[in-house]
Every structure is written in structure tokens, then in C-alpha cells.
S.K.: 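Sharing a structure with you now.
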2 protein chains.
Amino acid sequence: MPAKQASTTGKRADAQRNIAAILDAATECLGRDPAASTSEIAKAAGVGRVTLYGHFPSRAELLDAVFVHAIEDGEEALAQVDLTGDPRDALTQLIESSWRLVDRYRSLLIAAQNTLPPGRVRELHADPMARVEKLIERGRKQGAFRKDLPTSWLVGVMHNVMHGAADEITAGRVTPDKAAAYITTTILAAFTPPGDRVPD
Amino acid sequence: MPAKQASTTGKRADAQRNIAAILDAATECLGRDPAASTSEIAKAAGVGRVTLYGHFPSRAELLDAVFVHAIEDGEEALAQVDLTGDPRDALTQLIESSWRLVDRYRSLLIAAQNTLPPGRVRELHADPMARVEKLIERGRKQGAFRKDLPTSWLVGVMHNVMHGAADEITAGRVTPDKAAAYITTTILAAFTPPGDRVPD
DNA sequence: AATAACTCGAACAATGGTGTTCGATTTGAC
DNA sequence: GTCAAATCGAACACCATTGTTCGAGTTATT
């Protein structure tokens, strides 16, 4: 497993500072514009473009590092969610936390998909995805979620509805405060086993 | 309303033939690669790049014309669908037809979103969207679909689930023959009013 | 205070696309 | 058969971006 990140170990203090500044600036810039250039990012970091390339061999690898960072941040938040209770309640909680992350890192994801080698994004999503999968599997065994569709499909539906919500907000058709409720209501209904009553 | 298309009226026969060939080739190329270049398209059309620019002032306007074409083709197909019966049955039919179109024109849509001015894609989707909206509204009045979420949200969910399905196919996690059924099942459940039983 | 690490801007090459201009040639229309 | 319309490839200017090289200057570390 290659260490893609610019490892800060052994680097001088100012170098470490700059690497952090570049990562922060990149997160910010790419969060605004998925096509942000290295010049733009370097400027936002208060650093010369040469310095940026001194720490990250290419734009793609910088983006990879930023993405890894974002995933780690996300994992931290998601790890807080208690998934042990009623599957529907747990899913509600998980959606609420996930939604915040999707909303924050949406543009970054687009950048990653446009730049990183195919499969890399999914590879980095493995952990959060496994979390969702596990919950869905448990919900199915307990009869809370439907079993007539593949788990992977249900995971995908949740993913797509959340990202779709982000689009709706961008287009101004949904206000951010209502989004989470819409998503939850929609997903809970979609996951309900055939023959059961739709909740709420 | 500006006539964006290269109007064929008054043009010579060979010019009309070439315009058609360019549109066809563009549909094909952009359907394979949303970033297809004008050189690529011209070559595929069996035409010089200069000729292409002779008929379409810019890549963007060519793309617009192609997109308009695709929408017209889609409208033709969707107009065949009988939407008068039971709303759930009608929605199932509508999804099946829409899905075929989404599957066919997916890559083209991406190209359009990357190139056309913001809002233009939605503008061109107005007609097919109105069709879906109208059906949903009727379904709500008859108690077949839920009323606790905005119609525009439900339209968006349908849209996102279909495009998500296309991604799943691209990723090889879903086979094309099963996609329509998955989508229908998911959407019908998501649209079911709270308290009602999920169908099938 | 010595040294190696780091940073800087400016300049460069390479790439890959868009859109235009040229003059010569072919082809359709009437 | 005439003439305008349409075509062709080659060449051009243009622009933005990536990634590199240079040499001179600055800064952390010891």
C-alpha cells in the first residue's frame, strides 16, 4: 500500500505548516469549485505554486490527500452515531449525520470523481459504506427493512437521495433545514418491507 | 426565443445531410464520452472540423442542438404512455419508458451539465418534468401518493433514483434487465402515503 | 553561526483543446 | 453550364492548465 500523502514526518516545522495550509486551502477551494486549479489553491494557502508541487507530486495526488482527509473527518463523525437500537431510529440518526457530511463535501466528491482513477472514490468510501450496509442487514433480519431488493441497491438509493437533496438545495428548491427530514422520510418509506405500513 | 439550432431551411442538400450527420455523430460520441472534442465528432461524422464550425458556431451550441434533439426524441416516446389509469400503474409505465431514455442519454446529460449555461438543462426538461408532476399531483388527489412531501421533491427522488441506477449499472453492481424493476419498486414504496401498506 | 531545508517568483516547455482564416476544390441548384 | 454554396486540410492565434527548472533568498534546526 503506497503512502499517497505527503508524510510530514521528518519535515521541518514550516514545511509541516505549509502542508497543512495547502490541505486546508484545497479543501476550501475544491469545496467551492471542483475544478479549482493548483494556482488558485496555492494562492489561497498563502504559498507559491512551486511549494505546492514540492509537497504534492501532482494535482491528482493532492486531491487524493484532501479526499482522504475528508473521509477521516467523516468517519470520526459517523463513529459517534449509536446504531444499536431500533433499525429505523438508527437509520434516522445515521442519515442525519451523513447528510451533514454530504452537504459539506459534495463539491469535493465531484472533484474526486473527475480526477481520481476510477474506483478510487469507492475504495475510500468502503468504511462508511460498510457501516450503512451492516445496519441495513440487521434491519432486514429484524424485519424492519425490505428484503426483496439487494442491500447494495438500498445503499445506493440512500446515497443518491442524499446527493439529490444537495442538488435541490443548490437549485434553491429545498431549504437546507428541511432537507434532512425529507431524506429520512423518503428513505424510511423506500426501505419498508412490502405489506408493512409506511411509518409516520 | 432564439433559434439555437442550425436551421436547415434554405440550405443545400449536402449541407442538410452533413448537419444531420454531425448531430448523429455528436449524439453517438457524447453518448460515449461527455468530453468528446469537436475534432472527434467531426471525424465520426465524416466531415472536416471547419464544416462543423460552419454549421454550429461553437461546441456549446452544437451540444445544445443535440440535447434538444434528444429531448424531442424522448418526448415522442413518453407521449405514447397512457397516464389515465390507476396512478401507480401509470407511474410504473412512465418509469419504464423514462428509464430507457435515461439509460440511453445519460452521458449526454452529463456533457450538457458541464457545458451549457446553468438552468438550460432544466429549462429543456420542463416538458417531461411537467408530465411527471401532473401524474404525481393526480395520484395525490386520489390518495395513491403521499402528500406530506412536496411534489417537486418527489419528482427529484424519481430523477435521482433513475440516474443512480445508471451509475450502478456502470459500476457493474446491477444488470440492466433488473434495473427497471428495482426503480419501480423503490419509487412506489417511496411515494406510498404514510399509514398505507407498501405494494407488492 | 553554520548548514541544510525550505520557499519564492519568473520563466519555460508541453499539452490539448477552441475557434478562425486561407485558398483551392467539389458539388448542388436552377 | 453557370454560379453560388459548401467542402476540405492546413495553418494560425489563443487560452488555460499542468508540471519543471533556475537561481536567489529566507528560515528552522543544531
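Note on naming: letters A, B, ... go to the chains in the order of the sequence lines (proteins, then strands), and numbering restarts at 1 for each one.
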S.K.: First and last nucleotide of DNA chain D in contact with chain B, 5' to 3', at under 4.0 Å to a heavy atom: what are they?
M.R.: D/dA4 to D/dA11
S.K.: Considering just the side-chain nitrogens and oxygens of A/N18, establish if one lies under 4.0 Å of OP1 or OP2 belonging to C/dC6.
M.R.: no
S.K.: Listed in order of residue number, which residues of residues 38-51 of chain B have a non-hydrogen atom at under 4.0 Å from DNA chain C?
M.R.: B/T38, B/R49, B/V50
S.K.: Using a cut-off of less than 4.0 Å, is there contact between a side-chain N or O of A/H55 and OP1 or OP2 of C/dT7?
M.R.: yes
S.K.: Evaluate the criterion salt bridge (Lys or Arg N to Asp or Glu O under 4.0 Å) for residue pair A/E40 and A/K43; output intermediate values, then yes/no.
M.R.: CA-CA 5 Å; A/E40 208 173 327; A/K43 192 183 299 178; over 6 Å; no
S.K.: Quick test of your reading: applying salt bridge (Lys or Arg N to Asp or Glu O under 4.0 Å), list the pairs with at least one residue in residues 134-162 of chain B, sequence neighbours left out, ordered by first then second residue.
M.R.: B/R146-B/D148
S.K.: Counting C-beta onward and ignoring hydrogens, is there a side-chain heavy-atom pair between B/L91 and B/F145 closer than 4.5 Å?
M.R.: yes
S.K.: Is the CG atom of B/N114 crowded by more than 12 outside heavy atoms at less than 6.0 Å?
M.R.: yes
S.K.: More than 12 heavy atoms of other residues, nucleotides or ligands under 6.0 Å from CG of A/D177: yes or no?
M.R.: yes
S.K.: Using atom CZ of A/F56 as one end and atom P of C/dT7 as the other, report the distance to the nearest whole Å.
M.R.: 11 Å
S.K.: Between B/D167 and B/R173, is a salt bridge (Lys or Arg N to Asp or Glu O under 4.0 Å) present by the stated rule, with each step listed?
M.R.: CA-CA 9 Å; B/D167 290 339; B/R173 285 188 299 280; over 6 Å; no
S.K.: For A/D14, which of A/R17, A/K11, A/R12 qualifies under salt bridge (Lys or Arg N to Asp or Glu O under 4.0 Å)?
M.R.: A/R12
S.K.: Would you give the length of the straight line joining atom CG of B/L108 to atom CZ of B/R32, rounded to the nearest 0.5 angstrom?
M.R.: 13.0 Å
S.K.: Between P on C/dT15 and CZ on A/R59, what's the gap in Å once rounded to a whole number?
M.R.: 20 Å
S.K.: Please identify each residue that fulfils ring pair (Phe, Tyr, Trp, His ring centres under 6.0 Å) with A/W153, with sequence neighbours left out.
M.R.: B/Y182
S.K.: Across nucleotides 24-30 of chain C, 5' to 3', mark each nucleotide with B, S or - according to how protein heavy atoms within less than 4.0 Å reach it.
M.R.: ---BSS-
S.K.: Name all pairs fulfilling the salt bridge (Lys or Arg N to Asp or Glu O under 4.0 Å) condition that reach into residues 77-105 of chain B, sequence neighbours left out, sorted by first residue then second.
M.R.: B/D73-B/R104
